[in-house]
There are 2 protein chains.
Amino acid sequence: MSGFGPGDPFLADCPGRLAIELIADKWTVVVLYGLSQGPVRHGELLKLIGGISRKMLTQTLRRLQAHGLVRRHAYAEAPPRVEYELTPLGATLIDPIHMLTEWARANGAAVLDALDALDAGAEPAARDVPDRS
Amino acid sequence: MSGFGPGDPFLADCPGRLAIELIADKWTVVVLYGLSQGPVRHGELLKLIGGISRKMLTQTLRRLQAHGLVRRHAYAEAPPRVEYELTPLGATLIDPIHMLTEWARANGAAVLDALDALDAGAEPAARDVPDRS
DNA sequence: CGGAATCCGCGAGGATACTG
DNA sequence: CAGTATCCTCGCGGATTCCG
């Protein structure tokens, strides 16, 4: 009934954990989502994502590239142009990523509610507690 | 063919992003995975996960609890015992999490290979490059 | 056994300015 | 437009210790 033993791949140190920690990152998920519909330019992602800095975008893309999930395409043109796209390996992540993002879209409000319910319940509760200032 | 516009929920600041950033975290995914099969004791998770510290485990659980994904159950017994389990809201995450972890299990090796291929291709390449020490 | 508090180092990550 | 370098700050996250 335990389900997984002490040696389960995701509970120990193994390639699986490496892969999880590669994508379980604040920006990585959103960047992958941005790439999930086809090649995108650097500047497009930058404007699209909102909140990300150029540094973090480049850094995230570079890490994904180094791990074989993203391919970089630089065109030698007058106005320099660079596009990023998922590799075949990276494309296998589209489904998991979309499940995550759809979950977030559907349940983001509920998560927010839970937070607010906490705040509304905890802070006024201090009302009937002798406050030692 | 752009697919998503400039206002896509996951590319801007919104509840969906909050939800993504809640779970797109080094430890959160693994902890949720550990909870995905039923109630687990604090100490069990600690030993099971491997690499996590008590502090980070508690901290992660607390954050998930505050966001309504996890419920805490403390039993007033001689040897104190505390169990954690997913709330109904948290249970809706099981499928996405399992897709992620199964992807990692299947492709962790490929990711590792991509990394090694880079190292093997880049560093020996310095062989035929005049190295200015 | 489970958790909170404290100390502290190091690296994530933003802002800015510069190169090609 | 894309990328890099530099600086600086904040908080992640480990180790340790004390409380219930």
Side-chain angles (χ1 to χ4, degrees), chain A residues 6 11-13 17-18 20-32 34-35 39-67 70-85 118 122 126 129 132, chain B residues 2 6 11-13 17-18 20-32 34-35 39-67 70-85 118 122:
Chain A
L11 303 174
D13 222 338
R17 273 285 280 278
L18 185 154
I20 285 291
E21 294 181 5
L22 168 63
I23 58 185
D25 173 74
K26 179 181 176 184
W27 294 118
T28 306
V29 173
V30 190
V31 168
L32 285 173
L35 291 170
V40 194
R41 299 187 49 172
H42 179 102
E44 281 187 86
L45 280 174
L46 199 57
K47 280 171 298 186
L48 223 50
I49 288 187
I52 199 172
S53 63
R54 245 190 341 230
K55 176 185 173 183
M56 286 319 294
L57 177 58
T58 302
Q59 186 173 309
T60 303
L61 287 166
R62 284 303 213 270
R63 203 164 104 260
L64 293 174
Q65 185 186 0
H67 287 75
V70 163
R71 179 161 19 231
R72 200 180 96 108
H73 246 277
Y75 301 89
E77 299 176 358
R81 184 165 124 253
V82 179
E83 278 189 351
Y84 294 90
E85 65 176 341
L118 245 187
V129 170
R132 31 108 193 269
Chain B
S2 74
L11 304 174
D13 223 337
R17 273 287 280 279
L18 185 155
I20 286 292
E21 294 181 4
L22 168 63
I23 58 184
D25 173 75
K26 180 181 176 186
W27 294 119
T28 306
V29 174
V30 191
V31 168
L32 285 174
L35 291 170
V40 194
R41 297 190 48 173
H42 179 101
E44 279 187 87
L45 280 174
L46 200 56
K47 280 171 296 186
L48 222 49
I49 288 186
I52 200 173
S53 64
R54 246 202 332 250
K55 176 186 174 182
M56 289 318 293
L57 176 57
T58 300
Q59 187 172 305
T60 303
L61 287 167
R62 284 305 215 264
R63 203 164 104 258
L64 294 175
Q65 185 186 359
H67 287 74
V70 163
R71 178 158 27 228
R72 199 181 97 108
H73 245 279
Y75 302 89
E77 298 177 356
R81 185 166 123 251
V82 178
E83 278 189 351
Y84 293 91
E85 65 176 338
L118 244 188

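The shown structure was predicted, so the numbers you read here are calculated from the model rather than taken from an experiment. Each chain gets a letter, A, B and so on, in the order the sequences are listed, and its residues count up from 1.
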Output the distance between atom [atom1] ([X]) and atom [atom2] ([Y]), rounded to the nearest 0.5 Å.
| X | Y | atom1 | atom2 | result |
| --- | --- | --- | --- | --- |
| A/Gln59 | A/Leu61 | CD | CG | 10.5 Å |
| B/Thr60 | B/Lys26 | OG1 | NZ | 10.5 Å |
| A/Leu57 | A/Arg62 | CG | CZ | 10.5 Å |

Is there a side-chain polar atom (N or O) of B/His42 under 4.0 Å from OP1 or OP2 of C/dC1? no

Does a side-chain N or O from B/Arg41 land closer than 4.0 Å to OP1 or OP2 of C/dG2, or not? yes

As a test of reading the structure: which of C/dG3, D/dG3, D/dG13 is closest to the side chain of B/Met56, going by heavy atoms? D/dG13

Heavy atoms under 4.0 Å, any strand shown: does B/Tyr75 hit a base, just sugar-phosphate, or nothing? nothing

Result of checking B/Leu45, B/Leu46, B/Val30 against B/Ile52 for side chain to side chain contact (heavy atoms under 4.5 Å, CB included): B/Leu46

Is a donor on one side and an acceptor on the other found under 3.5 Å between the side chain of A/Arg72 and the backbone of A/Val82? no

Are the side chain of A/Arg41 and the backbone N or O of A/Arg81 linked by a donor-acceptor pair below 3.5 Å? no

B/S/- along nucleotides 15-20 of chain D (protein heavy atoms under 4.0 Å) is B-B--B

Check whether any side-chain heavy atom of A/Glu21 sits under 4.5 Å from a side-chain heavy atom of B/Val29, and report yes or no. no

Measuring only between side-chain heavy atoms, which start at C-beta, is A/Arg63 closer than 4.5 Å to A/Val70? no

The correct set of residues in residues 22-32 of chain B placing a heavy atom under 4.0 Å from DNA chain C is none

